[in-house]
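Presented below is the structure to which this report refers.
Note that the coordinates shown come from a computational prediction; the quantities given were computed from them, not determined experimentally. Computed from heavy atoms alone, side chains included, the values below leave out hydrogens, waters and symmetry copies.
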Amino acid sequence: MKKQTKWIEVIPYGIVGGMVPGASAMLFKKKKGVDRFSIWLTELQSRIAVDQSLNKEQPFSFVQKILKEEGYTPKSCFFVESKNDRDKALLTFHGKKKSLEFFADEIISFCILNGCRFFCTKDFLEGSRHEIPRRFKGDILEKRPHYLN
């Protein structure tokens, strides 16, 4: 993560079903503004995110306990790169470990549960906003989302 990079805060606001079975997208929008983009999720990750929002379930409670015992508290998620139909994110922590890189679709629901703030660059926002992975067709941003609480 470059020090001179200007980060834009974004918020997760909904999930829409994908064009193929087992795929959904988490929609993000600028915290202050209307620009938005999507991150593709597996069916399991989208179900976890919706369940957390509706039922306030805690599917990662054991992971949270382990991390807390080791001195790690998830802090922020930075969308850093979109490559080969997958987005990469840097998860930062309070405590000992400063950051770890993951595929974004693997950590979004965990980040939401932990109250992480989300950020991206202007380039990421503009590059991801209308770019649909080759394996999908249509404009996911125009579908009606299931809004998160």
Geometric class of the Phe78/Phe119 ring pair [parallel <30°, tilted 30-60°, perpendicular >60°]: parallel

Whether Phe28 and Phe37 hold their rings parallel, tilted or perpendicular, with breakpoints at 30° and 60°: parallel

In Å, rounded to the nearest 0.5 Å, how long is the span from [atom1] of [X] to [atom2] of [Y]?
X	Y	atom1	atom2	result
Ile108	Ile15	CD1	CD1	8.5 Å
Asp35	Leu125	CG	CG	5.0 Å
Leu41	Ser24	CG	OG	6.5 Å
Ile107	Glu101	CD1	CD	9.5 Å
Ser99	Leu90	OG	CG	4.0 Å

Main-chain N/O of Ser76 paired to Thr92 side chain as donor or acceptor, under 3.5 Å: yes

Steps toward side chain to side chain contact (heavy atoms under 4.5 Å, CB included) verdict (Tyr72, Ile66): CA-CA 9 Å; Tyr72 304 108; Ile66 292 168; over 6 Å; no

Any residue meeting side-chain hydrogen bond (donor to acceptor under 3.5 Å, both in side chains) with Glu81, in chain and number order, not counting sequence neighbours: none

Residues that Glu9 engages under side-chain hydrogen bond (donor to acceptor under 3.5 Å, both in side chains), provided they are two or more places apart: Arg117

Any pair counted as salt bridge (charged side-chain N to carboxylate O under 4.0 Å, His left out), so long as it reaches residues 71-80, sequence neighbours left out: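 Counting only pairs at least two positions apart or across chains, no salt bridge (charged side-chain N to carboxylate O under 4.0 Å, His left out) contact touches residues 71-80.
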
Can you name the closest pair of heavy atoms from [X] and [Y] and give their distance?
X	Y	result
Leu91	Cys111	CD1-SG, 3.6 Å
Ala89	Cys77	CB-SG, 3.7 Å
Met26	Ile112	CE-CD1, 3.6 Å

Side chains of [X] and [Y], heavy atoms from C-beta outward: is any pair under 4.5 Å?
X	Y	value
Leu27	Val16	yes
Thr73	Leu67	no
Thr121	Lys6	no
Phe93	Leu100	yes

Connected via hydrophobic side-chain network under 4.5 Å: Phe102 and Leu113: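 As far as the 4.5 Å side-chain criterion goes, Leu113 and Phe102 are connected within one cluster.
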
Verdict with supporting geometry, Arg36 and Tyr13, side chain to side chain contact (heavy atoms under 4.5 Å, CB included): CA-CA 10 Å; Arg36 57 198 175 146; Tyr13 75 98; 3.3 Å; yes

Verdict with supporting geometry, Val10 and Lys29, side chain to side chain contact (heavy atoms under 4.5 Å, CB included): CA-CA 5 Å; Val10 295; Lys29 67 177 181 176; over 6 Å; no

Contacts of type side-chain contact (heavy atoms from CB on, under 4.5 Å), residue Phe103, not counting sequence neighbours: Arg86, Lys88, Asp105, Glu106

Steps toward side chain to side chain contact (heavy atoms under 4.5 Å, CB included) verdict (Phe110, Val63): CA-CA 9 Å; Phe110 179 77; Val63 175; 3.8 Å; yes

